[in-house]
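Please read all numbers here as calculations on a predicted model, not as lab measurements.
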Amino acid sequence: MSIKTYAQAIRDVIAEEMRKNDKVFIMGEDIAKQGGIFGCTRGLLDEFGSERVRNTPISEAGFVGAGIGAACAGMRPIVELMYMDFTYVSMDQLLNQAAKIRYMFGGKATVPMVIRGQQGIGRGNGGQHSQCVEQFFMHIPGMKVAMPSSPSDAAGLLRTAIRDNNPVMFFEHKALYATKGEVPDDPEFAIPFGKANVLKEGKDVTIIGTHLYASKAMNVAKTLEAEGIDVEVIDPRTLVPMDTETMINSVKKTGRAVVVHEAHRTGGPGAEIASIITEGAFKYLDAPVIRLGAKQCTLPFNLGLENAVVPQEDDIIRAVKAVLYQ
Amino acid sequence: MSIKTYAQAIRDVIAEEMRKNDKVFIMGEDIAKQGGIFGCTRGLLDEFGSERVRNTPISEAGFVGAGIGAACAGMRPIVELMYMDFTYVSMDQLLNQAAKIRYMFGGKATVPMVIRGQQGIGRGNGGQHSQCVEQFFMHIPGMKVAMPSSPSDAAGLLRTAIRDNNPVMFFEHKALYATKGEVPDDPEFAIPFGKANVLKEGKDVTIIGTHLYASKAMNVAKTLEAEGIDVEVIDPRTLVPMDTETMINSVKKTGRAVVVHEAHRTGGPGAEIASIITEGAFKYLDAPVIRLGAKQCTLPFNLGLENAVVPQEDDIIRAVKAVLYQ
Amino acid sequence: MIEKERMIHIFKTMNKIRKFEEKALQLFEQNKLRGSVHLCIGQEAIPATVCSLLRDVDYITSTHRGHGDCIAKGAELGRAMAELMGKATGYCKGRGGSMHIADFTKGNLGANAIVGGGLPIAVGGALAAKLKGTDQVAVAFFGDGASNIGTFHESLNLASVWKLPVIFVCVNNLYGISCHVSESTSVVDIGTSRAQGYNMPGYSIDGNDVITINDVMEKAIARAKAGEGPSLVECKTYRWFGHWTGDPQVYRTRQEVEDWKQKCPIKRFKEYLITNNILTNAECVEIEEDAFNQVEAATKFALESPEPDTSKVMEDVFCEN
Amino acid sequence: MIEKERMIHIFKTMNKIRKFEEKALQLFEQNKLRGSVHLCIGQEAIPATVCSLLRDVDYITSTHRGHGDCIAKGAELGRAMAELMGKATGYCKGRGGSMHIADFTKGNLGANAIVGGGLPIAVGGALAAKLKGTDQVAVAFFGDGASNIGTFHESLNLASVWKLPVIFVCVNNLYGISCHVSESTSVVDIGTSRAQGYNMPGYSIDGNDVITINDVMEKAIARAKAGEGPSLVECKTYRWFGHWTGDPQVYRTRQEVEDWKQKCPIKRFKEYLITNNILTNAECVEIEEDAFNQVEAATKFALESPEPDTSKVMEDVFCEN
Ligand SMILES: Cc1ncc(C[n+]2csc(CCOP(=O)(O)OP(=O)(O)O)c2C)c(N)n1
Ligand SMILES: Cc1ncc(C[n+]2csc(CCOP(=O)(O)OP(=O)(O)O)c2C)c(N)n1
Ligand SMILES: [Mg+2]
Ligand SMILES: [Mg+2]
């Protein structure tokens, strides 16, 4: 085990996989000399050279597409999007091309590509640089969706992503980059997709939280423990594939659930998860699942407004109490 | 009342609104001499000339953006996307620009623009020309979302859309263009946004169906009537704003609901609607809401495969029986 | 310069494409094909000549009007026709249809129903070649209309700054659906004018002339293989039929169509072959008949092929690792 | 030709921008600003000169590095500074921040945090002018990096085929974040080279020289107003500070920055004004001090302004009709 930040964990896995497999390369804006504006590719240029660590022009559709083509031609590209908001300028290459190639062309092609980058609030980047966009990739089939919530998950899920033969959307969170945690030194350490992480067992209520909200859910669980409420906390880890079984079984036990994420609440991942739970554990539910997510307004710049838009720990606590005592 | 096709209804409203308001104009691919590949702009070039009926180059981001700019500068553009799948190549202009301008710039700007075009299966157009993409615009706030299911709704909702001072995503369905129905002749006929249409009252079970599935739900209701099952059928008409009240009240009465749409099931509009119903009518629900939508695979070209992917009337009947008898 | 062998190959390919397309039209009119079928009759010189210079390891990406490209890149006619019919034996198991034929084993990275969608993917094929250190090249086929969409620009710039072995082949058939190129496109010569924005050689040539296309493509491919980077080649041509089967064609005159039919690339190349004693008229006719027969056999195969098994509709969304 | 009045106006604007930016940097370092703050110090000649030729009814769209553009287009310094601080009195009520200042009443259709996002919107402003039959023009400001994204291409082509009154002003400051223009951009002279792909006049000029910028912009605006269509104007300049406050700037040398500081556009124009007897040194100093004082007052206003009311966070998503 080593103590690493989330950003370092990502960097190290990229480096290790590039060392092991010369098909792996990385491209994106400012990833070479600059090492990525969040430092996730620091030092890679020196070690691997400018062929395998490629600065791209600002043309996301072009270089995401180039990643797809390279993957079709036998390489294993990692494409960094500086902000996941820029999926919007490359959406066609992502959802009409990468996601569809294998199936639409009859199941022979493989597109082993990772699209990674960060999203979310926390740095006052305003409405066009703070969105959580995982929902699009849950809804349109063809790409896997990973949401690491800790340095160790970042490492383990990224290794799985790079080795996966399908296109993977790998969502990092800007507010997690500096968080530290233990990461296994095993260069084969990988976390399987589609297996949720039960961060804490509990019997009274289940909180399902993704990304930032995995740790916030843990904080809430601790707070509520003092009040005698025993919370089970689940981090789905990947949304595609989704470990519905773990979530349903948890709610069969607790009878109550809160789902919380930073993406907008309406039509967000929480709607899907709440529906899955309701379908799978209806008879066990003592209250409807409560969903928490960002309000339906553009993410504002001002810190106070930003916090007013996304769920706070207090909101989660209130939601837990609502599902418990209604 | 006149009998019109869905396409004619759309054409006529555009023409009427262009006659009434010289700020209204329309642009898109092949809408001028060709009259739109589905005929929705037929004759407009002759009546209004090439300044107000503009053929665009194939550059959706460019001309959607030009629509935004023109709207910001006081015009009321209608922008035709030939296939709503092409939102993917213009997503940034739609979701980062049009949807955010008013709020992000402090609430003074207005963007009175309609983006209209057709989506869905039914013509063997394959995976990149058959998608239903309304979910993206439900999830990211800032645009209204209309889903007309009949010629009359097409007319009434489109007039409201053109007169609305907000950006509106107006989803037509390719399989509806040729359907005929009565359309009021009143040149002021408009259907308000945010008010669901209760197509049929019933007491046993509620079916909520959008677009094509409004009429399919009606067919199912008729079939089930013969078996003594009294179905209430609701067409939400607009997804943003959404008439949650009508749906919740219906389910409070029937205790059972099926939601059906053509968009993919996972993370689709049905997940949101099912969640809203469960939250709003939990104690009245005798069974979990069943959601039906397209399977999680790219829409295939072959007719048999296409039908195997999207919900069929039999699937709806089975779902109704499942919510009734479980 | 084209070797005799390759000339004959090109002529065969052009005829195969022509017969395939004629058959597709007929089948569509007989309701045996559904969906959008975009014919490239009149444009055959371009795919046939370009692909005659490529090997199976070289890549292409193609468009909604892609039958010619995929045949020229080595597709089996039977599996291609079966795909048009949505049959289980088709290249995509019936899931893709006319607009989505791909065959990675032949270097065909796929047709694309999104205008401009294939350009970045071809750039990626070329990038892979560069990274692997092979002498593979990639060709992106696209239309005049496609030259106005963002991915055109991003792809040409990217390929240029990275000096990638890719050739951008713009098939300028004067229209994007109903829209004349002069209404959609700010320059007359897409090849020579637009290349200047990307520091690469640009050509605007007669796309109905095999010899010219070959000369220019030989230069472009040599440049690509020498590591000097991409080229833009605009081939001016004409589609004889509507944008798709069923197009009322209100946007052009019969006369214009007739004039272009006089410039038939197959007739022209046939005359060249005969004049230059490469083939006799009889040999040409034999090739034409052979092409017809191949297409007939392909059609029979396709018609007799089974429909896809609907129970397998969820297969292949993801691959197992 | 610049009238004396306008020369003085330009000089005042340049100084206002400079002082505003210096203050913003200072405030950021004092933790009184958050988010990404992109300074345009060193580039002031461009917005100041370009916007001196525009009226309130003319449109601009701007970028993440947009303070200079918005000030030149008439923004009140207090409301602009308040927006940088996220205050309720800011142009966007604190919702936009540094990257999103807009003021439609002054024809500023908004800064944009999406590279290339503003170009189509400016085209739309110009389209509205054409449809309304006014003599309004639109200017899209964008960077060298932005010249490689798809909307650049789509916007220039669209504006050209529609002959719209828009001027595309490319502020080439040699870098997109850490990426030197030679690494990202296939041509050296974006203005002259790329314009050729769109059949419009293209200029690549010294962006630190007010007189040159003015001459070229006068031509471009005259062309726009005459209904002849768009122009592309590349202004070569340099940003003195990092891409954003806090940029380690590993990608360039101190020497390069120092060399460019010698080419300071304000110093240069000041010398011009004095040499040509338009202003005395004392008058220039007075203008500089006045700019400083205006910014101080603006800062005071911003600092004293209230935070936005969080209970109103859901207002303005939609407007009532
Ligand atoms: C992004 C996108 N926009 C629009 C369309 C609809 N469309 C299909 S083909 C076509 C015309 C293409 O013109 P061109 O590139 O010249 O190719 P051609 O059809 O002439 O071969 C259009 C507009 C599309 N498929 N994709
Ligand atoms: C579509 C998009 N891609 C990437 C970014 C991240 N980004 C912000 S500014 C910038 C550099 C822009 O360079 P340039 O256009 O030259 O403007 P400058 O910063 O030099 O003023 C980048 C890559 C973005 N905001 N939008
Ligand atoms: Mg064409
Ligand atoms: Mg720059």
Side-chain angles (χ1 to χ4, degrees), chain B residues 22-25 27 50-52 54-77 79 89-90 92-93 96-113 141-144 160 163-168 192-193 240-241, chain D residues 59 61 83 90-97 100-105 107-114 116-133 136 138 140 149-159 161-162 164 166 312 314-321:
Chain B
D22 62 10
K23 297 268 181 295
V24 179
F25 72 101
M27 57 180 164
S50 59
E51 281 293 299
R52 293 179 69 197
R54 307 183 79 88
N55 263 1
T56 58
I58 307 173
S59 45
E60 283 79 2
F63 69 78
V64 167
I68 297 168
C72 290
M75 301 297 293
R76 305 186 75 84
V79 179
V89 290
S90 47
D92 184 73
Q93 290 295 326
N96 265 337
Q97 314 298 339
K100 294 186 172 42
I101 281 177
R102 179 172 181 77
Y103 182 87
M104 193 170 64
F105 288 161
K108 286 149 303 186
T110 53
V111 187
M113 174 176 60
M143 301 180 95
K144 297 188 177 177
T160 303
R163 295 182 179 184
D164 200 295
N165 282 327
N166 298 285
V168 177
F193 282 7
V240 180
Chain D
Y59 301 114
T61 61
E83 190 55 43
Y91 270 104
C92 312
K93 302 183 185 168
R95 295 184 193 140
H100 298 294
I101 294 178
D103 182 6
F104 285 20
T105 65
N108 178 359
L109 300 184
N112 211 309
I114 300 298
L119 280 81
I121 297 173
V123 169
L127 173 59
K130 187 171 195 215
L131 288 168
K132 291 188 276 187
Q136 292 164 285
I149 200 160
T151 48
F152 165 88
H153 179 65
E154 298 190 4
S155 300
L156 270 75
N157 182 62
L158 194 58
V161 293
W162 287 357
L164 298 181
V166 52
K312 295 192 177 155
M314 285 301 291
E315 281 180 6
D316 301 325
V317 175
F318 292 110
C319 63
E320 302 303 316
N321 280 303

Which answer fits [X], side chain, backbone, both or neither, if we ask what part of it has an atom under 4.5 Å from a heavy atom of chain D?
X: B/Lys144; value: both
X: B/Met27; value: side chain
X: B/Phe63; value: both
X: B/Met104; value: both

Pairs of heavy atoms under 4.5 Å with chain B: top-ranked of [options]:
options: D/Leu119, D/Ile114, D/Asn112, D/Thr151; value: D/Ile114
options: D/Cys319, D/Gly125, D/Ala122; value: D/Cys319
options: D/His153, D/Lys132, D/Glu320, D/Glu83; value: D/Lys132
options: D/Tyr91, D/Phe152, D/Trp162; value: D/Trp162
options: D/Asn157, D/Leu127, D/Leu164; value: D/Leu127

Is the B/Phe105 ring parallel, tilted or perpendicular to the D/Phe104 ring (thresholds 30°, 60°)?
perpendicular
Could you look at [X] and say if it's the side chain, the backbone, both or neither that has a heavy atom under 4.5 Å from chain B?
X: D/Gln136; value: neither
X: D/Ala111; value: backbone
X: D/Leu109; value: both
X: D/Tyr59; value: side chain
X: D/Asp103; value: neither
X: D/Val317; value: both

If you count heavy-atom pairs within less than 4.5 Å of chain D, which of [options] leads?
options: B/Asp22, B/Ile101, B/Asp164; answer: B/Asp164
options: B/Arg163, B/Gln97, B/Lys23, B/Glu60; answer: B/Gln97
options: B/Arg52, B/Arg54, B/Glu51, B/Lys108; answer: B/Arg54
options: B/Pro241, B/Ala71, B/Pro57, B/Gly142; answer: B/Gly142

Residue pair B/Val240 / B/Met143: nearest heavy atoms and the distance that separates them
CG1-O, 3.4 Å
Distance col, row B/Lys100:NZ vs D/His100:NE2, nearest 0.5 angstrom, shows 9.5 Å
Indicate yes or no for a side-chain donor-acceptor contact from B/Ser59 to the backbone of D/Glu154 under 3.5 Å, with no hydrogens or angles considered.
no
Examine distances only and state if a side-chain atom of D/Arg95 and a backbone atom of B/Tyr103 form a donor-acceptor pair shorter than 3.5 Å.
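Yes.
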